Amino acid sequence: MRRWLPWVGALRSRPLRGLDVPRTTLGTLVRRGLIELVDEPQDSTISVSKLKPRQSPFEFEFSVAQKEALGKIGEAVASRKFAGLLLHGITGSGKTAVYLACMRQVLDQGRSSILLVPEIGLTPAVAADLHQVFGDEVAILHSGLSNAERAEQWHRIRRGEARVVAGTRSAVFAPLSDLALIVVDEEQDSSYKQEETPRYHARDVAVMRAKMAGAVVVLGSATPSLESYYNAKKNKYALVELPDRVERRPLPEVEIVDMRQEFQETGQEQVISRKLAEEIRERLEKKEQVMVLLNRRGYSPVVLCRACGKTLQCKNCAVSMTHHKREHKMECHYCGHVEHIPDKCAHCGSEYVYFVGTGSEKLEELLHGMFPQARIGRLDRDTVRGREDFEHALNALNEGALDMLVGTQMIAKGHDIHGVTLVGVIGADMALGLPDFRAAERTFQLLTQVAGRAGRGQSPGKVVLQTYFQEHYAVQFAARHDFAGFYEKELQFRAWMHYPPYSAIANVLIRSEKLDDALTWSGELGRWFEKTRHEGIRVLGPAAAPITRLKSDYRYHFILKSPSREKMNVLLRAMLAEAAARKIPRTQVIVDVDAVWLM
């Protein structure tokens, strides 16, 4: 914290932020020798998470597989040379215990470590575990902290007071000395990729930082990305596996409900199938807990006029606005634009406005109607405004104050709630219809992760998976908990279409608030790509981006694929030079190498 120390005896030292004085005035006083600005540490310690820590990783007997994993990671750390390991452990196999035990060994050696988690929502539980094991040696870094909290944590790390850092993707840059270990939990998660400049992927940065520091990087997941698993199979990483759950607990039984057949038998569209309703009722009677996943927030995702067929779209984006009933508003989930709920169609003036589809808010309402005696909570971005909201919901479930938790993908990973014996999955296969080559992989990962929340205690778990795509291989392999089978199947398609891991990929996006400019610039660069032949590089486009207009910009893109990163980088640099020569503004040409989001 900056403080000013006056040289005039009548004045006392005071905090800089507590003064209602412009910085220019302070600068003038410093130059005249009347005051001095000095840095002093500020007591802005982050309060320890209110989440109750889970069982200490040292209070139970490690399995043979966990001991082997600890041994391999420990040997790699002791060598003081770079090593990459992929820790592939099924849900509930005790990966977190392995992480903490390895970090304990590193700390005992007087060295430092970093633990990355994909979302802020997972940070409280991780912080509770770390504080239980490491005490005041822990620093937390993520975007949910205030500026003062983040600065204090950074200074604690810099001064060597904290040698264990946990946080989201930005924590990979923590100023630790003598770094020995970086753990990337849920390494497959797309949240590790920053979609704004600088467009880095925290997992890849972690690998490079470990390489530069002579440290060990451990990538952990129950559903690794195809790229990481491929690298492990090619011996770029050492593959370490945890094939069984802790205490040999069984994986949950998965029952698939074909919603096409449900419609034929009931004669109407069902949000909650008869099977899922029956299973929920049984669990409530047994005083067991339930999780229900619907990966779409809000009340209804589409507002449709039955007279003219028009939908209410965002004025800034080519997407439908979502109805939020409790907050009495329509909101765009891409740019944040908000409007009043319409009472008539803006196009034809008709009063026949119809709300189509179901989000997590509507699902919560439906469940309250079906099970009025149940205590139901909801966990999504609308109910979680800060750390305390997230902790309150999870604590309520952990302590038995809730019978059922409804939510989006925020409930799907990392949570270890032993009372949950049933997981219902609604609409998680909708992503299979997206124009993205990773759609099947993301669906498989989400289904597998949320299924892993069931049966983590003494009682066996069950998953009821509602789907309209029962035959799809992503659904079938997820129901069988068969990652290896999915990997082999998906790898075939990637090879045929020259997608990662067989090729590097780049997304070149041309954007402008004026449609004519976006069309003209993308056309000019398209003709340049046609003239510029580079062996082994495939260029697709120009084409309209799947979301053609976003945040007031019209968007057209190219997709580049090449087995050679060097050749692709040369072509991209030449393309940027051509764009500059044609006076296309640099801010309107976005180059995203190893793009995760192609929409």
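For this chain, numbers begin at 1 and follow the sequence in order. Please read all numbers here as calculations on a predicted model, not as lab measurements. Values below: every heavy atom of this structure, side chains too, minus hydrogens, waters and symmetry copies.
- Not one N or O on the side chain of Lys329 forms a donor-acceptor pair closer than 3.5 Å with the backbone of Val338.
- In this pair, Tyr473 and Phe486 present their aromatic rings parallel. The plane angle is below 30°, not in the 30 to 60° band.
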Side chain to side chain contact (heavy atoms under 4.5 Å, CB included) assessment of Arg586 paired with Leu576: CA-CA 8 Å; Arg586 180 64 184 87; Leu576 289 174; 3.7 Å; yes
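- Summarising the geometry of Cys305 relative to Cys308, their closest heavy-atom pair is SG-N, 3.5 Å, with the distance given to 0.1 Å.
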Before giving the answer on side chain to side chain contact (heavy atoms under 4.5 Å, CB included), spell out for Arg442 and Val596 the whole-Å C-alpha distance, their side-chain angles and the decisive distance to 0.1 Å. CA-CA 11 Å; Arg442 288 187 177 130; Val596 170; 3.2 Å; yes
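- Checking side-chain atoms of Ser93 against main-chain N and O of Ile90 turns up a donor-acceptor pair under 3.5 Å.
- For the pair Val271/Lys362, no side-chain contact is recorded, criterion being any heavy-atom separation below 4.5 Å from C-beta on.
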Report the C-alpha separation of Gln449 and Thr223 in whole Å, then their side-chain angles, then the decisive distance to 0.1 Å, and conclude whether the side-chain hydrogen bond (donor to acceptor under 3.5 Å, both in side chains) test is met. CA-CA 8 Å; Gln449 293 283 352; Thr223 55; 3.2 Å; yes
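- Looking at heavy atoms from C-beta onward, Pro501 lies out of side-chain contact with Asn231 at the 4.5 angstrom threshold.
- Of the possible polar contacts, none joining the Asp592 side chain to the Glu195 backbone as a donor-acceptor pair under 3.5 Å is found.
- Of the listed residues (Glu187, Lys193, Glu186), just one forms a side-chain contact (heavy atoms from CB on, under 4.5 Å) with Arg203, and that residue is Glu187.
- Ile341 approaches Phe355 most closely through the heavy-atom pair CG2-CZ, 3.7 Å.
- For the pair Gly357 and Ser300, the tightest heavy-atom approach, listed with the atom from each and the gap, is O-OG, 3.2 Å.
- Remark: Arg494 fails to qualify as a cation-pi partner of Tyr502 under the 6.0 Å distance and 45° angle criteria applied to the six-membered ring.
- Checked by atom type and distance alone, the side chain of Asp516 never pairs as donor or acceptor with a backbone atom of Leu519 at under 3.5 Å.
- Residues Ala69 and Leu87 approach most closely at CB-CD1, 4.1 Å, considering heavy atoms.
- With sequence neighbours left out, the side chain to side chain contact (heavy atoms under 4.5 Å, CB included) criterion links Thr532 to Trp528, His534, Leu571.
- Atoms NE2 and CD, on His324 and Glu331 in that order, are 4.5 Å from each other to the nearest 0.5 Å.
- A side-chain donor from one of Glu441 and Gln445 sits under 3.5 Å from a side-chain acceptor of the other.
- Atom CD of Gln466 is separated from atom CD1 of Ile426 by 5.0 Å, given to the nearest 0.5 angstrom.
- At least one side-chain heavy atom of Arg296 sits under 4.5 Å from a side-chain heavy atom of Met430.
- Every residue was checked against the side chain to side chain donor-acceptor pair (under 3.5 Å) condition with Asn235, not counting sequence neighbours, and none meets it.
- Atom CZ of Arg538 has 12 or fewer heavy atoms from other residues, nucleotides or ligands within 6.0 Å.
- At a threshold of 4.5 Å between non-hydrogen side-chain atoms, the residues Ile510 and Val589 count as touching.
- For Glu227 and Lys236, the salt-bridge test fails: no basic side-chain N is under 4.0 Å from an acidic carboxylate O.
- A distance of 7.5 Å separates CD1 in Ile537 from CG in Leu572, rounded to the nearest 0.5 Å.
- A distance of 9.0 Å separates OG in Ser562 from CG in Asn569, rounded to the nearest 0.5 Å.
- The main-chain N or O of Gln194 is never found under 3.5 Å from a side-chain atom of His201 such that the two would form a donor-acceptor pair.
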Yes or no on side chain to side chain contact (heavy atoms under 4.5 Å, CB included) for Phe173 and Val205, after CA distance, side-chain angles and deciding distance? CA-CA 9 Å; Phe173 300 110; Val205 173; 3.8 Å; yes
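- Separating the CG atom in Asp553 from the CG atom in Asp517 is a distance of 11.0 Å, to the nearest 0.5 Å.
- Contact of the Ser221 side chain with the Leu86 side chain is not registered, since no non-hydrogen atoms from C-beta on lie closer than 4.5 Å.
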Worked verdict on Arg169 versus Tyr200 for side chain to side chain contact (heavy atoms under 4.5 Å, CB included): CA-CA 9 Å; Arg169 59 175 178 252; Tyr200 69 93; 3.5 Å; yes
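- Side-chain atoms of Arg555 come within 3.5 Å of backbone atoms of Met599 as a donor-acceptor pair (strictly under, hydrogens ignored).
- No side-chain donor-acceptor contact under 3.5 Å links Tyr229 to the backbone of Phe483.
- With hydrogens and angles disregarded, a donor-acceptor distance shorter than 3.5 Å links the side chain of Gln588 to the backbone of Arg511.
- Judged by distance alone, the side chain of Lys561 and the main-chain N or O of Met497 form a donor-acceptor pair under 3.5 Å.
- Taking Phe263 as the reference, Glu269 meet the side chain to side chain contact (heavy atoms under 4.5 Å, CB included) condition, with sequence neighbours excluded.
- The two residues Thr358 and Leu294 make their nearest non-hydrogen contact at O-CD2, 3.6 Å.
- At a threshold of 4.0 Å, the pair Asp258-Arg260 counts as salt-bridged, since one of the basic side-chain nitrogens sits closer than that to a carboxylate oxygen.
- In this structure, Lys551 fails the cation-pi test against Tyr334, since its NZ or CZ atom is not both closer than 6.0 Å to the six-membered ring centre and inside 45 degrees of the ring normal.
- A distance of 11.5 Å separates CZ of Phe477 from OG1 of Thr448, quoted to the nearest 0.5 Å.
- The shortest side-chain heavy-atom distance between Leu141 and Arg150 falls under the 4.5 Å cut-off.
- Using a cut-off of 4.0 Å between Lys/Arg side-chain N and Asp/Glu carboxylate O, Asp594 and Arg565 are scored as salt-bridged.
- Although no hydrogens or angles enter the test, the distance criterion places no donor-acceptor pair under 3.5 Å between the side chain of Arg80 and the main chain of Gly214.
- Under the side-chain hydrogen bond (donor to acceptor under 3.5 Å, both in side chains) rule, Arg297 has a single partner from Thr322, Asp382, Asp380, Thr383, which is Asp382.
- Aromatic ring centres of Phe558 and Phe529 lie closer together than 6.0 Å.
- The heavy-atom pair separating Ile584 from Leu525 by the smallest distance is CD1-CG, 4.2 Å.
- By the 4.5 Å heavy-atom criterion applied to side chains, Pro546 and His557 are counted as neighbours.
- Surrounding CD of Gln492 are more than 12 heavy atoms belonging to other residues, nucleotides or ligands, all under 6.0 Å away.
- Between Val106 and Val77, some side-chain heavy-atom pair lies under the 4.5 Å cut-off.
- Annotation: Phe493 is not in aromatic contact with Phe437 [ring centroid separation under 6.0 Å not met].
- Around atom CZ of Arg480, more than 12 heavy atoms belonging to other residues, nucleotides or ligands sit under 6.0 Å away.
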